[in-house]
Amino acid sequence: LEGMALKPEPQPGQQAAAAAGAGQPGAGTQADAGAGGGAAGAGTSSGSGGEASAKAAAEVSEVCNLLLDTGAELFDWEDGDTLEGAAQRGLADIVRRLLGMGMGKKGDSAYSHDTRGTALRLAAEAGHTAVCEILVADGADPSVLQKPLLAAIARHDEAVARNICRTGLVPEAAKAAGRQKCEQVIASMHVIQQVLGPKG
């Protein structure tokens, strides 16, 4: 299990993160807390696919807990940390445990910045409502959901926009901004339709 990493999956437009499984040079008995591969969230699938995702998530959680129990070190990467990776994969129990250990909170000697907001965004985009609720209860600011919601609307990404809204944590101000963005998108589509002309 040594050297396994739980890092956030690459986002659109970002350079892909290093593949999971790369150990830390000279780590000896140290290991990144987490497990590679990235189990998809169980809440986004159905049927046998959903069962497989749930099973995979449970297995990843088991490995994460084992690593944490054995004193694995937590890392704060430039492209994401262990908390963000767990949130993106919907590992609620691991997220709760990492938060309890002080993971992702600015001011802790091990971390340079607060990553709870980014973890909330990743969890919301993936539709992991339970994880979102845990993060908000721990102090993550729901207002961070406005930017990804507007971005999803602008690129016509219905799935992500729905996931974010279904968390039930989007502030009214963000909802209002989202409605305005929808109107802008609809208007721009109407203009393009006029330029294309009538159907031949």
Charged N-O contact under 4.0 Å between Glu158 and Arg162: yes
Would you compute the distance between atom CD1 of Ile134 and atom OG1 of Thr129 and round it to the nearest 0.5 angstrom? 11.0 Å
Please check: side-chain N/O of Arg121 versus main-chain N/O of Gly117, any donor-acceptor pairing under 3.5 Å? no
Which value, rounded to the nearest 0.5 Å, describes the distance between Leu150 atom CG and Arg155 atom CZ? 11.0 Å
Which heavy atom of Pro142 sits nearest to which heavy atom of Pro171, and what is that distance? O-CD, 3.6 Å
Output, in order, the C-alpha distance, side-chain angles, deciding distance and verdict of side chain to side chain contact (heavy atoms under 4.5 Å, CB included) for Glu125 and Ile164. CA-CA 6 Å; Glu125 289 176 337; Ile164 294 174; 4.1 Å; yes
Got a donor-acceptor contact below 3.5 angstrom from the Asn163 side chain to the Ala124 backbone? no
Between the main-chain N or O of Gln88 and the side-chain N or O of His128, is there a donor-acceptor pair closer than 3.5 Å? yes
Do any N or O atoms from the side chain of Asp141 and from the backbone of Val144 form a donor-acceptor pair under 3.5 angstrom? no
Rounded at 0.5 Å granularity, tell me how far CZ in Arg89 sits from CD1 in Ile94. 12.0 Å
Testing the basics here: between Leu169 and Cys132, what is the closest heavy-atom pair and its distance to 0.1 Å? CD1-CB, 3.5 Å
At what distance, to the nearest 0.5 angstrom, does NE2 of His190 lie from CD1 of Ile186? 11.5 Å
Look up atom CG in Leu120 and atom OG1 in Thr118, then write down how far apart they are to the nearest 0.5 Å. 9.0 Å
Closest heavy-atom contact between Ala87 and Ala119? CB-O, 3.5 Å
Ala174 versus Val170, closest heavy-atom pair with distance: CB-CG1, 3.5 Å
Using side chain to side chain contact (heavy atoms under 4.5 Å, CB included) as the criterion, list what pairs up with Val185, not counting sequence neighbours. Ile153, His156, Lys181, Met189
Verdict with reasoning, Leu135 to Leu99, per side chain to side chain contact (heavy atoms under 4.5 Å, CB included): CA-CA 8 Å; Leu135 288 163; Leu99 290 172; 4.0 Å; yes
